[in-house]
Amino acid sequence: MINIFHIMIGLLLLGLGRRLFWLFVGCVGFVAGLQMAQLYLGLQPVWMIWAIALLFGLVGAVLAMFFQTLAIGLGGFAAGSTITAYIATMLGYAAIPSIIFTGGIAGAILLFATFDWALIGLSSVAGSTLIVQSLHVTPPAEMVLYALLIVAGAVFQATMLRSKRIATQ
């Protein structure tokens, strides 16, 4: 069940991460909440883990709608830390808090500095991460699929951004 949600959220982030900023922050908040609850709460009932994840996602989406600047920082931090943890694990390193925190800070700074392009990049990588994690393919296929999904999501969103900018000129 979690894999289906990860794939659905991943596809939404791949295609609409920049366009629907609140959705990006809400989805990333949900996934970060789910991962944190599973990591730190361990053997709690499934409903409790899902409730915590949903709470993180809703808080993220509401913040994105009403407090965009704060949400940019939190969304960038959540995406950066999630991506860093996955890449560290994929490369055989432990996802220790200092690595996760550093990735979160880098994600927040990147999102503030170049909002549209960073959002396209972060949402493409975050969406690809969720999809690839859920498919359980061999490591070589995983890396190829990961790269292809990132490129496809970035190209799709960049094309949408470009067509929007052309339409407003």
Side-chain angles (χ1 to χ4, degrees), residues 1-40 49-50 52-54 56-57 59-61 64 71-112 114-158 160-161:
M1 183 78 161
I2 290 175
N3 287 344
I4 293 170
F5 279 116
H6 278 185
I7 291 171
M8 289 172 39
I9 292 170
L11 289 171
L12 285 171
L13 289 175
L14 272 177
L16 301 172
R18 188 208 61 82
R19 187 169 182 165
L20 299 175
F21 176 67
W22 64 269
L23 176 68
F24 167 71
V25 176
C27 288
V28 169
F30 175 82
V31 172
L34 187 63
Q35 289 175 344
M36 286 176 53
Q38 289 172 334
L39 182 64
Y40 294 114
I49 298 207
W50 279 83
I52 290 169
L54 186 58
F56 272 66
V59 167
I72 290 170
L74 291 176
F77 186 87
S81 62
T82 301
I83 292 164
T84 304
Y86 175 69
I87 290 173
T89 303
M90 188 171 71
L91 295 174
Y93 296 101
I96 59 175
S98 61
I99 290 175
I100 294 170
F101 184 76
T102 302
I105 295 296
I109 290 170
L110 183 63
L111 200 52
F112 272 119
T114 58
F115 182 71
D116 280 334
W117 293 106
L119 191 53
I120 287 171
L122 285 173
S123 63
S124 295
V125 173
S128 298
T129 301
L130 291 173
I131 293 169
V132 170
Q133 279 181 332
S134 301
L135 295 179
H136 306 292
V137 295
T138 63
E142 180 180 23
M143 288 185 181
V144 170
L145 180 61
Y146 193 54
L148 289 174
L149 286 171
I150 291 169
V151 170
V155 167
F156 180 77
Q157 290 186 64
M160 287 179 24
L161 176 63

Rounded distance [0.5 Å steps], CZ in Phe156 versus CG in Leu161: 12.0 Å
Contact summary for Ile83 and Ala126, nearest pair of heavy atoms: CD1-N, 4.0 Å
Under 3.5 Å: donor-acceptor pair, side chain of Gln157, backbone of Leu13: yes
Inter-residue atom distance Leu130.CG - Leu14.CG, 0.5 Å rounding: 9.0 Å
Heavy-atom pair of closest approach, residues Leu119 and Ser123: O-OG, 2.6 Å
Interatomic spacing from CD1 in Ile105 to CD1 in Ile100 - rounded to 0.5 Å: 13.0 Å
Nearest atoms (heavy-atom pairs only) where Gly29 meets Phe56: O-CB, 3.1 Å
Main-chain N/O of Ala154 paired with Ser124 side-chain donor or acceptor, under 3.5 Å: yes
Straight-line distance of Met36 CE to Ser81 OG, nearest 0.5 Å: 8.5 Å
CG on Leu110 to CZ on Phe77, rounded to 0.5 Å: 14.0 Å
Separation between OG1 of Thr138 and CG of Leu145, rounded to the nearest 0.5 Å: 10.0 Å
For Ala88 against Ile99, the heavy-atom pair lying closest together: CB-CG2, 4.3 Å
Distance-minimising heavy-atom pair for Gly60 and Val25: O-CG1, 3.2 Å
Name of the residue among Ile131, Thr129, Val151 meeting side chain to side chain contact (heavy atoms under 4.5 Å, CB included) with Tyr146: Thr129
Stepwise side-chain contact (heavy atoms from CB on, under 4.5 Å) check, Leu122 with Leu111: CA-CA 8 Å; Leu122 285 173; Leu111 200 52; 4.1 Å; yes
Heavy atoms from other residues, nucleotides or ligands near CZ of Phe112 exceed 12 (cutoff 6.0 Å): yes
Verdict with reasoning, Asn3 to His136, per side-chain contact (heavy atoms from CB on, under 4.5 Å): CA-CA 10 Å; Asn3 287 344; His136 306 292; 3.6 Å; yes
